[in-house]
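Everything below concerns the one structure shown next.
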Amino acid sequence: MKVAIRDDDTCYFTSPDDLARVYGDIWDRVPICLATVPFAIGYERAGIPEEHWRSGEPFALERNSELVRALQALASARKATVALHGYTHQDYPGGYEFQAAPDLERRVDEGRAYLRTTLGLPVSVFVPPHNALSKRGLAAVARAGLNILGSFLSFRPSLRPWDRRTPANWWRVHAFRKATGRTKRDRLVYPYVLRYATHAEFGCHSLVPGTTLQELTGGFDEARRHGGDFCLATHYWEVDATLKDVMLRFLDHAARHADVRFVAAEELFA
Ligand SMILES: [Zn+2]
């Protein structure tokens, strides 16, 4: 069984210390997939100075050279990998970036090329900002051939661009719901990779304020019983002592199983 960790929102506003504070005693055990924003535009959240919440100014990752060097060092030590997390991560009046921005194909292509060039690292995974992806957003990411780590992506064929594999994947998820006694309304994190024509998708379990250890171990135990894999998703900027404790105890729970292998999130798609 493969177990991975994804952490969102590394960008110009991130200091290497923010990441080390959360992962300094974890990334030797589990490489962290850092979903990174190439040209961050501020919005209201902890860790972004208030004067940038509404300034609309994009900040290229390379302007934080200390972070660029830290990401390169972490990657070469196999402590972290880098995924593409939107282009600016900005919110529009009509929705989040990958629901509402006008030029999603350009954002995917240029965002990935920018991270590759600036960091000198491969980028094969896309994480939608706020886990929100419209039909158009999904088409743009699939066209680029990037695999998607999501949290609440819909499997319904009507909400997805045409793909010859969509109906069979929908049936797989439907069968899993039935086998686990879930109705359409019950929460589900499908524990296997779904492969589409040009990309693949995998759902993550969120670790956010309020998430309990029992919720995570319950999801892990279910995935394991069914021969699936597991990915934890969080944001370094909201990991306090309580969340860190949940994370560590979850990792200890996973590590007690001899068949568990901690991997970089990219390996979930191998
Ligand atoms: Zn984000």
Side-chain angles (χ1 to χ4, degrees), residues 4-16 18-19 21-23 32-50 52-61 63-64 67 70-71 74 80-101 104 107-108 110-112 114-115 118-119 121 123-134 136-138 140-141 144 146-154 189 201-211 231-240 243 247 264-266:
I5 300 180
R6 155 196 146 200
D7 184 282
D8 295 355
D9 297 341
T10 289
C11 67
Y12 165 80
F13 298 107
T14 309
S15 97
D18 296 335
L19 300 173
R21 178 184 63 81
V22 177
Y23 296 113
I32 312 299
C33 176
L34 296 170
T36 301
V37 187
F39 297 96
I41 287 181
Y43 62 102
E44 191 169 338
R45 75 145 163 93
I48 296 183
E50 204 172 327
H52 297 306
W53 285 356
R54 273 164 277 276
S55 72
E57 183 187 352
F59 288 88
L61 189 73
R63 289 169 65 180
N64 185 341
L67 176 66
L71 293 175
L74 288 168
T81 58
V82 169
L84 179 62
H85 189 40
Y87 186 73
T88 59
H89 205 297
Q90 75 203 95
D91 299 340
Y92 286 81
Y96 295 127
E97 184 184 13
F98 270 72
Q99 297 173 306
L104 295 175
R107 285 170 188 253
V108 173
E110 290 186 15
R112 170 165 59 175
Y114 179 80
L115 289 184
T118 306
L119 300 171
L121 299 174
V123 175
S124 65
V125 167
F126 181 86
V127 175
H130 303 278
N131 292 301
L133 202 52
S134 67
R136 208 163 49 85
L138 183 49
V141 179
L146 287 166
N147 296 322
I148 298 173
L149 280 179
S151 292
F152 312 104
L153 299 179
S154 177
V189 181
E201 298 176 16
F202 190 77
C204 305
H205 293 255
S206 299
L207 173 60
V208 294
T211 303
C231 186
L232 187 70
T234 193
H235 306 91
Y236 67 89
W237 53 266
E238 65 181 6
V239 176
D240 58 8
L243 282 201
M247 191 188 296
E266 287 76 3

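Values in this document were obtained by computation on a predicted structure and should not be read as measured data. We count ligands from 1, going down the list as the structure has it; atoms in each ligand are counted the same way.
Just one of Thr88, Ile41, Leu133 meets the side chain to side chain contact (heavy atoms under 4.5 Å, CB included) condition when paired with Glu97; it is Thr88.
Under the side chain to side chain donor-acceptor pair (under 3.5 Å) criterion, Asp9 pairs with His85, His89, Trp237, sequence neighbours left out.
A donor-acceptor pair under 3.5 Å is absent between the side-chain atoms of Arg112 and the main chain of Leu146, judged by distance alone.
If you count the protein N, O or S atoms nearer to the Zn ion (ligand 1) than 2.8 Å, you get 3.
By the 4.5 Å heavy-atom criterion applied to side chains, Ser151 and Arg6 are counted as neighbours.
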Derivation and outcome, ring pair (Phe, Tyr, Trp, His ring centres under 6.0 Å), residues Phe13 and Phe59: CA-CA 8 Å; Phe13 298 107; Phe59 288 88; 5.2 Å; yes
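Relative ring orientation between Phe39 and Tyr87 is described as tilted, the plane-to-plane angle lying within the 30° to 60° band.
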